[in-house]
Peer 1: 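Take a look at the following structure, please.
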Amino acid sequence: MSSAKRPNKAKAKATASEDGSGGPRATTAAAMAIGLATSTIMLSTILQVGPAYLEPIYGNVLAHQWFASGIVVCMAVGAALGSRLWRGLTTAPTAGGSEADARTERAIGAALDVAALLTALAPWRTALLFQESRRLGPVWGPVVTHVSLAAPVAAASGFIAAVSVARLAHGGKAAWAAACVGAVAAAMWAGHGAAGAAGAYGGCQGLLLVAGYAALSSVMVRLLGRRRRLLLLAAPAVAAVFCVLTLGSDPRCASGVTARNNAGSAYHMLSRAESATGWVTVSDEAERRIRVLRSGHSILGGHWNETQESIFGVFYYADAVRLVAGRRPENERALIIGLGIGVAARSLHEQGVRVDVVELDPAVYRAAVDFFGLPRSLHGVYLQDGRRFIDDAADASYDYIVHDVFTGGSVPAVLFSQSAVAQLSRILAPRGVLAMNYVGTLSDTRTMHHVAHTLRSAFAHVRCFAESTKDPVGVTNMMFFASQAPISFAPGALRRYADPDSIRGHVLAGMEANEVSVAYDEQSVRLITDAWNPLPKWLAPAAQVHWHAMRGMFPDEY
């Protein structure tokens with residue numbers, strides 16, 4: 001009886017394998033595992049390096065604005081293609097289990113080939129699109145460039161997820177639902193991976209890493225399927241060749257300054273490093289005789305080469321913290337949050353103030369010291385997150401705090417919340433003065449009033465002075481002064497502070513004439529908190545204005 005049953009069981013297994021109701025064979029399961037793992041790594045890396053790659057051209061706000069949405073759309077397109085492929089397979093006359101396994105392996109290998117080839121060519125495509133950035137503009141430019149850059153990876157990931165999950169559900173009625181679940185799962189993996197190890201790679205190197213990993217995974221899938229014909233390895237080989245060519249020819253893929261960076265340029269690049277805030281460069285412009293420090297799309301500062309004075313006079317507003325009437329404590333102490341080229345730190349240090357600096361990006365600090373004369377003898381330099389520093393600092397540690405953290409078209413919103421402002425008040429001396437630089441437009445009173453309202457939650461007195469009040473819709477620097485004591489300046493103090501022929505003297509002399517009213521209806525504002533912080537969203541329009549301002553200040557080549 002038992003011997004009679006064995007052939008029937010074997011026959012049943014064979015039938016299940018042929019009609020596709022059984023599970024995939026071992027090589028197919030391995031191919032799906034490789035495809036899904038590769039998708040995770042590719043997506044996590046592209047989510048990290050994609051916006052960073054565009055940031056020098058479009059700024060951090062515009063480069064991130066639609067990127068995640070675009071990734072989801074491209075993944076959905078890939079998943080739809082995978083579902084359509086599977087539907088055609090299951091309705092074919094020869095759609096047995098073996099055929100399903102073979103087609104699944106081929107589909108995964110082809111998707112990896114496409115991702116490898118198109119990603120290896122991404123720096124070449126984006127270089128052409130970057131040249132058209134002025135014509136494309138700050139809205140469509142990032143969208144079009146991101147599609148060119150990230151669509152192959154996102155679509156291939158959605159395709160692989162859909163095909164893999166559909167194969168697992170083959171033989172049942174849940175293939176379409178499983179394909180959708182696969183696409184959602186891939187999106188979840190991507191979101192998790194974005195905060196992972198991909199941050200160690202730079203923009204160009206990260207793209208080439210994706211291309212190389214996709215090519216290697218494609219080779220592995222083919223070797224598992226025992227399809228070792230050399231023609232099948234042509235696509236991974238071509239992708240590898242383009243990766244090598246890009247590394248050898250694209251100056252954006254090199255670390256440090258090379259001869260190609262300065263070939264035929266009106267700007268002589270002195271220093272270049274990819275760091276915490278993106279590419280940090282120092283360049284000289286011969287025509288205007290200026291030296292500028294750039295981080296991504298923002299100019300953090302610059303000076304006139306002949307006089308060493310700042311090209312942005314508003315940075316001298318910070319000197320006014322020492323000119324508030326009734327202030328001049330013994331052993332003055334100042335904290336600078338956000339270094340730039342070190343205008344405020346250097347000025348206060350030269351006046352005998354004990355200066356501590358908190359700067360997130362080590363490359364910015366090195367550039368300020370090596371190229372802009374920042375003294376090495378400051379009291380303290382802390383290369384860390386500003387919010388973490390102020391949370392840990394002791395009570396009443398400083399008489400002055402200069403808070404200037406604008407970069408790339410936006411500000412780190414966490415440093416403008418009620419909790420951050422309360423900590424700034426705590427670490428200031430009882431009559432200490434905070435100078436907080438906020439960058440926006442004068443016409444955006446909603447944002448300005450919310451910032452002022454949040455400052456008033458921790459300080460009794462708040463005043464604001466703009467760099468200029470002539471253009472209400474243009475991006476400008478606005479320096480908020482906040483203190484527990486009244487903020488007033490002795491008659492003529494600002495005017496007498498410096499040589500009237502200097503930029504510092506001229507700027508300070510006109511500061512009070514540029515005061516901006518911060519009166520508002522308290523029913524129309526609320527406190528900016530860590531939980532409710534609308535600044536990234538509200539400053540998005542200002543980022544576009546900032547982009548146009550940068551294009552007006554410097555030519556497209558730069």
Side-chain angles (χ1 to χ4, degrees), residues 38-84 111-112 114-133 135-162 179-180 182-196 198-199 201 203-204 206-211 214 278 296-297 408-410 536-537 539-541 543-544 547:
T38 302
S39 297
T40 302
I41 294 175
M42 290 195 303
L43 277 170
S44 63
T45 306
I46 210 72
L47 281 167
Q48 180 73 23
V49 306
Y53 199 70
L54 270 64
E55 202 270 346
I57 308 299
Y58 293 107
N60 53 19
V61 174
L62 301 173
H64 284 85
Q65 193 168 22
W66 301 108
F67 186 60
S69 300
I71 288 287
V72 172
V73 170
C74 292
M75 287 181 66
V77 171
L81 291 173
S83 298
R84 182 68 184 86
L112 292 171
V114 170
L117 278 170
L118 294 183
T119 305
L121 290 169
W124 303 61
R125 296 194 306 274
T126 54
L128 296 175
L129 290 172
F130 285 162
Q131 294 176 19
E132 300 298 321
S133 59
R135 184 179 303 175
L136 291 170
V139 177
W140 286 107
V143 172
V144 172
T145 311
H146 272 318
V147 168
S148 170
L149 182 74
V153 167
S157 298
F159 180 89
I160 291 170
C180 294
V184 172
M188 292 173 62
W189 292 332
H192 178 268
Y201 300 97
C204 185
L207 289 175
L208 300 183
L209 171 71
V210 169
H297 190 258
S410 69
K537 179 180 179 180
L539 290 175
Q544 296 183 32
W547 187 86

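Remember, predicted model here, so these are calculated numbers, not experimental data. For reference, positions follow the sequence shown, starting with 1.
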Peer 1: Do you know which two heavy atoms are closest between Ala154 and Cys74, and how far apart they sit?
Peer 2: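 Minimum heavy-atom separation between Ala154 and Cys74: CB-CB, 3.5 Å.
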Peer 1: Mark yes or no for whether Thr126, through its side chain, and Pro123, through its backbone, hold a donor-acceptor pair below 3.5 Å.
Peer 2: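 Yes: the side chain of Thr126 pairs with the backbone of Pro123.
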Peer 1: Compare every heavy atom of Leu208 with every heavy atom of Ala120, then report the nearest pair and how far apart it is.
Peer 2: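 Between these two residues, the closest heavy atoms are O-CD2, 4.4 Å.
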Peer 1: So which atom in Gln65 and which in Ala540 form the shortest heavy-atom distance, rounded to 0.1 Å?
Peer 2: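 In this case the closest contact between Gln65 and Ala540 is NE2-CB, 3.8 Å.
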Peer 1: Give the minimum heavy-atom separation between Gly296 and Glu55, together with the two atoms involved.
Peer 2: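 Nearest pair, atom of Gly296 first, then Glu55: CA-OE1, 2.7 Å.
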Peer 1: Are the side chains of Leu112 and Ile160 in touch, meaning some heavy atoms are under 4.5 Å apart?
Peer 2: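 They are in contact (side-chain heavy atoms under 4.5 Å apart), so the answer is yes.
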Peer 1: Do Val77 and Phe159 come within less than 4.5 Å of each other through their side chains, counting heavy atoms only?
Peer 2: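 Not touching, per the 4.5 Å side-chain cut-off.
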Peer 1: Roughly how far, to the nearest 0.5 Å, is CE of Met75 from CG of Leu43?
Peer 2: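 Those atoms lie 5.0 Å apart.
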Peer 1: Can you tell me if His297 uses its side chain to pair, donor with acceptor, with the backbone of Ala63 under 3.5 Å?
Peer 2: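 Here the side-chain-to-backbone pair does not exist.
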Peer 1: Can you list every pair that meets salt bridge (charged side-chain N to carboxylate O under 4.0 Å, His left out) and has a residue in residues 116-130, with sequence neighbours left out?
Peer 2: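 Passing the test, one end in residues 116-130: no pairs.
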Peer 1: I need the Gln131 CD to Ile57 CD1 distance, nearest 0.5 Å.
Peer 2: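 Between atom CD of Gln131 and atom CD1 of Ile57 there are 10.0 Å.
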Peer 1: Val114: what forms a side chain to side chain contact (heavy atoms under 4.5 Å, CB included) with it, not counting sequence neighbours?
Peer 2: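 Partners of Val114 by the side chain to side chain contact (heavy atoms under 4.5 Å, CB included) criterion, ordered by chain and then number, come out as Leu118.
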Peer 1: Could you give the distance from CG (Leu129) to CG (Leu149), rounded to the nearest 0.5 Å?
Peer 2: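 It comes to 9.5 Å.
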Peer 1: Please report the shortest heavy-atom distance between Pro56 and Ala52, naming the atom on each side.
Peer 2: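 In this case the closest contact between Pro56 and Ala52 is CD-O, 3.4 Å.
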Peer 1: Scan Val61, Leu62, Val139 and name whichever one has a side-chain contact (heavy atoms from CB on, under 4.5 Å) with Trp547.
Peer 2: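 Of all the options given, the one that passes is Leu62.
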Peer 1: Are any non-hydrogen side-chain atoms of Phe130 and Leu54 less than 4.5 angstrom apart?
Peer 2: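 Yes, side chains in contact.
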Peer 1: Determine the minimum heavy-atom distance between Ala115 and Pro152, stating which atoms define it.
Peer 2: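 Closest approach of Ala115 to Pro152, heavy atoms only: CB-O, 4.2 Å.
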Peer 1: Report yes if the side chains of Val143 and Phe67 come closer than 4.5 Å at any heavy-atom pair, otherwise no.
Peer 2: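 When only atoms from C-beta onward are counted, Phe67 and Val143 do not touch, as no gap falls below 4.5 Å.
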Peer 1: Would you indicate whether the side-chain heavy atoms of Cys204 and Tyr53 approach each other to under 4.5 Å?
Peer 2: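 They are in side-chain contact.
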Peer 1: Got a donor-acceptor contact below 3.5 angstrom from the Ser44 side chain to the Ile41 backbone?
Peer 2: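 At least one qualifying donor-acceptor pair exists.
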Peer 1: From His64 NE2 over to Tyr58 OH, what is the distance, rounded to the nearest 0.5 angstrom?
Peer 2: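 Nearest 0.5 Å value for the NE2-OH distance: 15.5 Å.
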